[in-house]
Amino acid sequence: MPYLLEDCTRLHGGKEAPMLSAVVVRKDTGKPSGGFFKLARQKPFLRPGGDDALWVAELAWLEREYDAV
């Protein structure tokens with residue numbers, strides 16, 4: 001799992017991209033682990049908001065980004 005989270009630090013085509021790790025959730029909670037939220041608040045991401053709002057926004061961004069593919 002740490003490797004997946006670290007991989008999210010790469011940029012997508014030279015632009016900011018959604019974090020693919022947002023779709024990886026814990027079986028017991030149905031939500032990402034604390035590592036996802038910790039990484040999301042660090043550089044280069046610096047995502048704002050509370051945990052739930054951040055996660056929902058990231059999922060929506062992923063849907064917009066990959067729906068166009």
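Owing to the predicted nature of the structure, the values given are computational and were not obtained by experimental measurement.
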Inset, instruction - For the pair Trp55 (side chain) and Pro32 (backbone), establish whether a donor and an acceptor sit closer than 3.5 Å, ignoring hydrogens and angles. - result: no
Could you measure the distance from the [atom1] atom of [X] to the [atom2] atom of [Y]? Nearest 0.5 Å is fine.
{"X": "Phe37", "Y": "Lys31", "atom1": "CZ", "atom2": "NZ", "value": "7.0 Å"}
{"X": "Leu54", "Y": "Phe36", "atom1": "CG", "atom2": "CZ", "value": "5.5 Å"}
{"X": "Leu46", "Y": "Arg41", "atom1": "CG", "atom2": "CZ", "value": "11.0 Å"}
{"X": "Glu58", "Y": "Glu65", "atom1": "CD", "atom2": "CD", "value": "10.5 Å"}

Is it possible for you to say whether [X] and [Y] belong to one hydrophobic cluster, with membership spreading through side-chain heavy-atom contacts below 4.5 Å?
{"X": "Val25", "Y": "Val56", "result": "no"}
{"X": "Leu59", "Y": "Leu39", "result": "yes"}
{"X": "Tyr66", "Y": "Trp61", "result": "no"}

Inset, instruction - Indicate the atoms forming the closest heavy-atom contact of Ala17 with Arg47, along with that distance. - result: O-NH2, 3.0 Å
